[in-house]
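Read the structure below first, then the notes.
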Amino acid sequence: MSKTSLQPPRGTRDFYPDDYRQREWLFGHFRRVAHRFAFEEVDAPMVEHAELFTRKAGEEIVDQLYHFELHDRHLALRPEMTPSIARMVIARAGGLRMPLRWFTITQNWRYERMTRGRKREHFQWNMDIWGEPGVAAEAELVGALFEALDALGLARGDARLRVNSRALLEESLRRSVLRQRPEVFEPLCVVIDKIDKIGAEAVVELLVDPTGPVRLESAQARDVVDMLRITSLDDAARHLPDDSPALADLRRFFELLEAYDVRDRVVFDASVVRGLAYYTGIVFEAFDSAGTLRSICGGGRYDRLAQTLGARPIPAVGFGFGDMVIAELLSDKGLLPDLPRVVDDVLFPFGEAERPSAIRLARRLRERDHRVEIVLGNAKLKRVMADADRLGAARIWLLGPDEVSRGVAKVRDLASGEESEETL
RNA sequence: GUGGGCGUAGCUCAGUUGGUUAGAGCACCGGAUUGUGGUUCCGGGGGUCGGGGGUUCAAAUCCCCUCGUCCACCCCA
């Protein structure tokens, strides 16, 4: 019989106590910020019906599903949280007070090639607002994500947000390319998301490819690519009518960011479209200023997702913030803390005769929320002291035959060395 | 998917052109006589050198395959 492999499957991680403390430190910041913004935490199953995720716009994420069939059901591990949130919202849409603010911290799965900052499972903090069509929702989310970056200890200039609006693109294309075939907008976005990676020429090729999903004419494709180079709102305005709602939304969005005091950390960039098909309006992604890592987080407005899933339209906006890239960035900057184990009290019964007294004392301390470790086996005092020291325990309680017979225990403060007696 | 680096004790690594029973530091366990501490000193356990095959009198060392991991490219939340 072959030996069972002790390694976790490729692209997955074990969390030993040190790692887990670091992970909880990060999640704790996510959670505190979410609570400060009055978001409620929710969760959904890690396994969903595969069809919840299998959209047909050519997204890479669909090809990377961990999926399997079981008893004629096609199931998949969630690659992202948004569809599950959408499912939950839609299922109770009639009874939910909108706009609602929900957040999740979940493990997501994608079967993909690993690189720095990307494994096959990762945790993601999601913040979503459902039922609010205005850009106040986007601004609130961006405010929250910058608060998180600040809380984690990053300096103001360490990370920036790039913002665009798919609605801007859609409006300007509606008069030309999209007039006859509005359905190509989603695959078009998926293609132009690749521009940073494969270059403008390759994107044009994909857009005109007669066997592809978009099939633009050459001149149209070049117009689209040219628009992506725009880096100021005023330049973008020249492609649009004065009464463009998308442009007004973006301008208002930037105004609101001033009130959040983050306007200087956000730039307009027409090439940001995001790789997911369901975005419809403002999209954004945060990246480290040095530009050495992948995007830290990203999100945007996805007003048509509910319809796509067969429900009545509900406007929605959200972002996902992964645990891996931010950990790389914090680690590079020396901001990832080494967190020690925390134990308040170590209780040492010298022998089995004293153990019941130690147990009763432990119960009292635990009721007061102390973290209490009872020495479980036979040990020498010297050894127990050294262990308590290394644990970082605050106090050690010595319950010897002498003390217990007098109904007391000796308490030693390990930092000061002071000893006193406490009644048991 | 392509190219490269790495894989030796729990961890970080050393191991000279192939040559006895494979090493160090840290960690772990025990001891330095009586019921008191991260130091010190002494001792100990632990490795089929990632796995498989080959060359050789002899392989951690050379060759092939394979798995894992890291980096770059490629690709993408």
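First the proteins, then the strands, lettered A, B, ... as listed; each starts at 1.
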Taking the [atom1] atom in each of [N] and [M], what is the distance between them to the nearest angstrom?
N	M	atom1	answer
B:U40	B:C6	P	35 Å
B:A59	B:G54	C1'	11 Å
B:U56	B:C64	C1'	16 Å
B:G7	B:C13	C1'	12 Å
B:G25	B:A14	P	16 Å
B:U48	B:G53	C1'	15 Å
B:G45	B:G31	P	16 Å
B:G10	B:C29	C1'	13 Å

Of the listed nucleotides ([options]), which one gets closest to any side-chain atom of [X]?
X	options	value
A:R383	B:U36, B:C29, B:C74	B:C29
A:R113	B:U36, B:G1, B:C76	B:G1
A:L398	B:C74, B:A32, B:G35	B:G35

All N/O pairs under 3.5 Å across the protein-nucleotides 38-41 of chain B interface:
none

Whole angstroms only, please: what is the [atom1]-[atom2] distance between [X] and [N]?
X	N	atom1	atom2	answer
A:F350	B:U34	CZ	C1'	12 Å
A:F348	B:G37	CZ	C1'	14 Å
A:L65	B:C76	CG	P	17 Å
A:D413	B:U36	CG	P	19 Å
A:Y16	B:C11	OH	C1'	12 Å
A:L399	B:U36	CG	C1'	14 Å
A:I396	B:U36	CD1	P	12 Å
A:R13	B:C70	CZ	P	11 Å

Who does [N] pair with, Watson-Crick or G-U, both distances under 3.5 Å?
N	answer
B:G68	B:C6
B:C73	B:G1
B:A14	none
B:C29	B:G43

Looking at every non-hydrogen atom in both residues, tell me the closest pair between A:L149 and A:A159 and how far apart they are.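 Of all heavy-atom pairs spanning A:L149 and A:A159, the closest is CD1-CB, 3.9 Å.
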Comparing A:A286 and A:E403 on RNA chain B - which has the more 5′ nearest nucleotide: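 This one resolves to A:E403.
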Please tell me which of A:G320 and A:L381 maps to the more 5' nucleotide of RNA chain B, matching each residue to the nucleotide holding its nearest heavy atom.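 It is A:L381 whose nearest nucleotide is closer to the 5' end.
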NA contact type, [X], heavy-atom cut-off 4.0 Å: base, sugar-phosphate, or nothing?
X	value
A:D18	nothing
A:Q124	nothing
A:R118	base
A:G322	nothing
A:K380	sugar-phosphate
A:D387	nothing

Spell out yes or no: do the side chain of A:R294 and the base of B:C76 have one donor N/O and one acceptor N/O closer than 3.5 Å?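 Pair found.
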So, A:D387 and A:R390, do they make that salt bridge, N to O below 4.0 Å?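 A salt bridge is present here (some side-chain N lies under 4.0 Å from a carboxylate O).
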Polar pairs (N or O, both sides) under 3.5 Å between protein and nucleotides 67-69 of chain B?
unit_1, atom_1, unit_2, atom_2, d
B:G68, O2', A:Q7, NE2, 3.0
B:U69, OP2, A:R10, NE, 2.9

Please determine if [X] forms a cation-pi arrangement with [Y], meaning its NZ or CZ atom is less than 6.0 Å from the six-membered ring centre and no more than 45° off the ring axis.
X	Y	result
A:R23	A:F15	yes
A:R101	A:F37	no
A:R120	A:Y66	no

Aromatic ring proximity [X]/[Y], centre distance under 6.0 Å:
X	Y	result
A:F30	A:F321	yes
A:H67	A:H74	yes
A:Y278	A:Y302	yes

Let me know which of A:R13, A:Q22, A:Q124, A:K119 forms a side chain to side chain donor-acceptor pair (under 3.5 Å) with A:D323.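 So, applying the side chain to side chain donor-acceptor pair (under 3.5 Å) to A:D323 and each of A:R13, A:Q22, A:Q124, A:K119, only A:R13 qualifies.
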Are A:R395 and A:H370 side-chain neighbours, meaning at least one heavy-atom pair lies under 4.5 Å?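 Yes, close enough: below the 4.5 Å cut-off.
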Test your reading of the model: is there a side-chain donor-acceptor pair from A:R366 to the backbone of A:V372, 3.5 Å cut-off?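 Such a contact is found between A:R366 side chain and A:V372 backbone.
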Taking atom CD as the centre, does A:Q107 end up with more than 12 heavy-atom neighbours from other residues, nucleotides or ligands that are less than 6.0 angstrom away?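 For A:Q107, atom CD is crowded (more than 12 foreign heavy atoms under 6.0 Å).
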